[in-house]
Number of protein chains: 2
Amino acid sequence: MDDISLPVDGSPGSAPRTDSGAGPRADTSITRVFGILDLFTPDTPVWTADLLMEQLGLARATIYRYVRALCDAGFLAAVSGAGYVLGPRFIEFDRSIRLADPLLQIVPPVMAELRDVVNGGQLLCAFYGLRVLSVLQDKTDPNITMSMERGRPFSLFTGSPSRVILAHLPPYQLRNLALNHQKEIAAAGLGEGWQAFRDNMRAIRRTGFVAASDIDKALIGISAPIFQAPGAVSASLCLVRTKENAPPEQVAFLGELAMKAAQRISRELQAFRPVRADRTPLSAPVSRVR
Amino acid sequence: MDDISLPVDGSPGSAPRTDSGAGPRADTSITRVFGILDLFTPDTPVWTADLLMEQLGLARATIYRYVRALCDAGFLAAVSGAGYVLGPRFIEFDRSIRLADPLLQIVPPVMAELRDVVNGGQLLCAFYGLRVLSVLQDKTDPNITMSMERGRPFSLFTGSPSRVILAHLPPYQLRNLALNHQKEIAAAGLGEGWQAFRDNMRAIRRTGFVAASDIDKALIGISAPIFQAPGAVSASLCLVRTKENAPPEQVAFLGELAMKAAQRISRELQAFRPVRADRTPLSAPVSRVR
DNA sequence: TGAAATTCCTCATATTATGAGAAATATTTG
DNA sequence: CAAATATTTCTCATAATATGAGGAATTTCA
């Protein structure tokens, strides 16, 4: 449960796949257009039409058609002379998501209350299908959680925030994951095969929280699940301390603390807006694993 | 110069058009896929396949093909039962943009220094083609700049941050704008026709800053231009105060303050990474107006 | 575990995306 | 401000592939 895994920072790579047995996706024009965006990374934030032609092996006219569509939609922006960069739409959509997310209204005051007791850092992570994302961080110790700011992605199988979410997924989703991601699950030390995996997850549910050091080995994260509806995990609260500052009894204490706070957040979340009768979740709904 | 304009918050609407004389864009499959994303607003954050079919008038299979492509790319995420929400990719891309933006490393300490003197709020706005976006805010007075957080869009013609950028665009870009956006320019009180517009912009450049109250009438914003390269505006720094707290001589003082700070930021920005010899801007480049 | 919903697949047809080169703009320089 | 250069868009014939309908396979929830 305390294995060694690389901190997955899968920004540039290709899109997350459903991987539900089938092979790679078809190569449609939409796929190709999205593929262009994948090229724009912090390391190579500017691309010219010529570079894109070369990189993607497409005709000039095609590249310009794609780039134009992306610019019109605000996903790219043209820059002086030649070249394109990621456009304003991403910044706007992130704001739109923040505005619609009740967790970002509920959690900050809770984090503020816990701040002194935790004496480290706090993280709010949201569940998005096959990955988990940091969506809010509260820093006390400036040495801690440097790279955990909003948008930092985590594998669904690595790190305490992910694992505690994983453990509380519905049984059939767990089964699908066990089938389709056997290797990753084994590599993360979560069990070889469905039986072991299921038992490990059950053990986590019994405990109610997860403590792990598998992202940053100098730190320990203690995470509890947040439920958008009874039985439906959608996020987790993670308390962070330096490992040397967290002896076993402190870990147990922080676990209780995280669980209490997460339960409170869950209650407020479920009361935030009355769930509509017709089963359509209104906000911050639970992502499915495909 | 102190006219009445609505605070433009154009998030949900359609994509920004180049509008360079031509009519509306072609209706390609890529356009339609992007159109789906436009439906996901803070007011209607969850859409089911059936609702999308009804709204867009497309066949079931087509909707599912589109939705799948968007989910695979992380732009949508499936939620419990049925329904889709905006996906994690927007949050990740915003982070990616933040990581690559030297302004976000340079400006915070400058804002911290100014904080006490300004005694109000501060805004860093970035230029993206036809629009300007808040990308960083520093709040002192909690009553001020409530809705100016990162991602808040502004029209290129409204508000002091936009106008001071506008005024410093290259001459041919100003001319294009005067041709293609005559009505908006007139409506914003920036002049009827090219001559008047050009003169107004020249006057702003002479002054070096813009003071205006056209976004929130209770506030006054005082903005100075930030240059990514000599002669190439890419952003603006805006100092905000309540109007009653800003008599004329204070406005002049804040104008000087904003200009000095913006010049300092520009210097640091241009020194941040040596501009490459081949004219390809490396980071935070200047958007073109199309 | 079984019933009800959601999602995906198959296939024939019609639509439209593609590439090459020329024309039109935009941008920089004198 | 005008000429020179680089960038972007357009046109059109052809090949490719997106679309819709219904049935099959999943997923979801009781």
Side-chain angles (χ1 to χ4, degrees), chain A residues 18 20-22 25-33 48-53 56-69 71-72 76 78-84 129 169-177 179-180 229-232 278-281 285-290, chain B residues 18 20-23 25-33 47-53 56-69 71-72 76 78-84 129 169-177 179-180 198 229-232 278-281 286-290:
Chain A
T18 133
S20 61
R25 290 286 155 227
D27 184 42
T28 99
S29 74
I30 293 164
T31 305
R32 286 191 291 273
V33 170
T48 64
D50 280 327
L51 282 173
L52 291 173
M53 277 178 60
L56 301 172
L58 295 171
R60 181 173 302 278
T62 305
I63 290 292
Y64 274 110
R65 261 189 296 256
Y66 286 179
V67 162
R68 178 118 91 93
C71 284
D72 285 350
L76 288 182
V79 298
S80 173
Y84 298 87
L169 289 178
Y172 57 92
Q173 289 200 3
L174 279 184
R175 203 206 191 89
N176 279 346
L177 285 170
L179 284 173
N180 299 321
D278 59 7
R279 229 168 41 125
T280 305
V286 182
S287 290
R288 264 171 295 170
V289 174
R290 317 302 296 287
Chain B
T18 135
S20 61
R25 291 283 156 229
D27 184 41
T28 101
S29 72
I30 293 163
T31 306
R32 286 191 289 274
V33 170
W47 286 81
T48 63
D50 280 325
L51 283 174
L52 290 173
M53 276 177 61
L56 300 173
L58 295 171
R60 181 171 300 277
T62 306
I63 289 293
Y64 274 109
R65 262 188 297 255
Y66 286 179
V67 163
R68 177 118 90 94
C71 284
D72 285 350
L76 288 182
V79 297
S80 173
Y84 299 87
L169 290 178
Y172 58 91
Q173 288 200 4
L174 279 183
R175 203 207 191 85
N176 279 346
L177 286 169
L179 284 174
N180 299 321
R198 187 193 53 184
D278 60 8
R279 227 163 47 118
T280 305
V286 182
S287 291
R288 265 171 293 167
V289 174
R290 317 302 295 286

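Letters go in sequence order (proteins before strands), and every chain restarts at 1. As the structure is a prediction and not an experimental result, all values here were calculated from the model.
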Which atoms of nucleotides 19-23 of chain C (N or O only) lie under 3.5 Å from a protein N or O atom, and what are those distances?
unit_1 : atom_1 : unit_2  : atom_2 : d
C:dG19 : OP2    : A:Ala59 : N      : 3.3
C:dG19 : OP2    : A:Thr62 : OG1    : 2.3
C:dG19 : N7     : A:Arg65 : NH2    : 3.1

Applying side-chain contact (heavy atoms from CB on, under 4.5 Å), can you list everything that pairs with A:Leu56, at least two apart in sequence or on another chain?
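Here the qualifying residues are A:Ile36, A:Leu39, A:Leu58, A:Ile63.
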Contacts of type side-chain contact (heavy atoms from CB on, under 4.5 Å), residue A:Tyr64, not counting sequence neighbours:
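Checked A:Tyr64 against side-chain contact (heavy atoms from CB on, under 4.5 Å); matches are A:Ala49, A:Arg60, A:Tyr84.
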Interatomic distance, [X] [atom1] vs [N] [atom2] [rounded to whole Å]:
X        : N      : atom1 : atom2 : result
B:Leu174 : C:dT28 : CG    : C1'   : 16 Å
A:Asp27  : D:dT17 : CG    : C1'   : 11 Å
B:Tyr172 : C:dT28 : OH    : C1'   : 7 Å

OP1 or OP2 of D:dC10 under 4.0 Å from side-chain N/O of A:Arg68:
yes
Please state whether the phosphate of C:dT7, meaning OP1 or OP2, lies under 4.0 angstrom from any side-chain nitrogen or oxygen of B:Tyr64.
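For C:dT7, OP1 or OP2 has a side-chain N or O of B:Tyr64 closer than 4.0 Å.
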Selected nucleotide, minimal atom distance to A:Arg32 side chain, candidates C:dT7, C:dA17, D:dT27:
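Selected nucleotide (nearest to the side chain): C:dA17.
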Describe, as an angle rounded to 10 degrees, how the axis at the first end of the helix from C:dT1-D:dA30 to C:dG30-D:dC1 is tilted relative to the axis at the last end, five pairs per end.
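Computed angle between terminal axes is 90°.
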Residue pair B:Tyr66/A:Pro170 against DNA chain D: nearer the 5' end by closest nucleotide is B:Tyr66
Partners passing salt bridge (Lys or Arg N to Asp or Glu O under 4.0 Å) against A:Arg32 (at least two apart in sequence or in another chain):
A:Asp27
Between B:Ala49 and A:Ser29, just flag the one whose closest nucleotide in DNA chain C comes earlier from the 5' side.
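Residue closer to the 5' terminus by nearest nucleotide: B:Ala49.
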